[in-house]
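Worth saying up front: this structure is predicted, and the values here are computed from it rather than measured. What's counted below: heavy atoms across the whole structure, side chains too, no hydrogens, waters or symmetry copies. All residue numbers refer to positions in the sequence shown, counting from 1.
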Amino acid sequence: MKLIKAHVTHYRNIVDSNEVDIARATCLVGKNEAGKTAFLKALEGLRSTDTTYKAYNKIENYPRRHLADYEQTHDGGQAQVVTTKWELDPADVAAVEAVLGHGVLTGGVISVGKSYGQEGSTWIVPISQCCSPQEPV
């Protein structure tokens, strides 16, 4: 899979980064305290190499100036921190089809995101319900 887009919201000093296109070489440019490191830390939290890191902490990471309004702003739910889009390569497609059936994917891009308090991540995979899974190998 190849990361092609990332969108960070409600994280440290980033209220909304807007969707950022990610290419083979992507450069984050901005003044000090503009959110470059925060953007990268939010991405890291999606699947951290630090085994002790499990979830974004809203007390530490939610934009401090908006923390008092958190519950009202998010209707008692959790704020989305990061949403990414990943392009599947042929090996990824083959792996999914080996489990779920040939032709089950309806698109070549999946979304992966994570909210405050969420230990895992949420994956959105475009599949058709028309196909039946293959027998386990």
Hey, which of Q78, Q80, K58 is the one that makes side chain to side chain donor-acceptor pair (under 3.5 Å) with S115?
Q80
side-chain contact (heavy atoms from CB on, under 4.5 Å), that's the test. Do V81 and T9 meet it? Break it down for me.
CA-CA 5 Å; V81 176; T9 55; 5.8 Å; no
hydrophobic_cluster_shared for [Y] and [X], side chain cutoff 4.5 Å:
X	Y	result
I4	L43	no
L40	V15	no
I22	V109	no

[X] (side chain) donor-acceptor with [Y] (main chain) under 3.5 angstrom:
X	Y	answer
K36	K31	yes
N57	I59	yes
S48	G45	no

Taking the ring centre of each residue, are Y62 and Y70 less than 6.0 Å apart?
yes
Pair H10 + H66: ring centers closer than 6.0 Å
no
Minimal non-hydrogen separation, [X] against [Y], with atom names:
X	Y	answer
I14	G35	CD1-O, 3.6 Å
L46	G113	CD1-C, 3.8 Å
A34	N13	C-ND2, 3.7 Å

For residues S121 and Q118, is any side-chain donor paired with an opposing acceptor at under 3.5 Å?
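Side chains of S121 and Q118: no pair found under 3.5 Å.
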Check this for me, if you would: do E33 and R12 make a salt bridge, where the nitrogen-to-carboxylate-oxygen distance has to be below 4.0 angstrom?
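So E33 does not pair with R12 through a salt bridge.
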Rounded to the nearest 0.5 Å, what separates atom NE2 in H7 from atom CZ in F39?
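Spacing of NE2 (H7) from CZ (F39) equals 9.0 Å.
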Cation-pi check, K114 to Y56: give yes when NZ or CZ is under 6.0 Å from the six-membered ring centre and within 45° of the ring axis, no otherwise.
yes
Could you go through the salt bridge (Lys or Arg N to Asp or Glu O under 4.0 Å) check for K2 and E87 one step at a time?
CA-CA 5 Å; K2 179 174 76 171; E87 185 175 72; 3.7 Å; yes
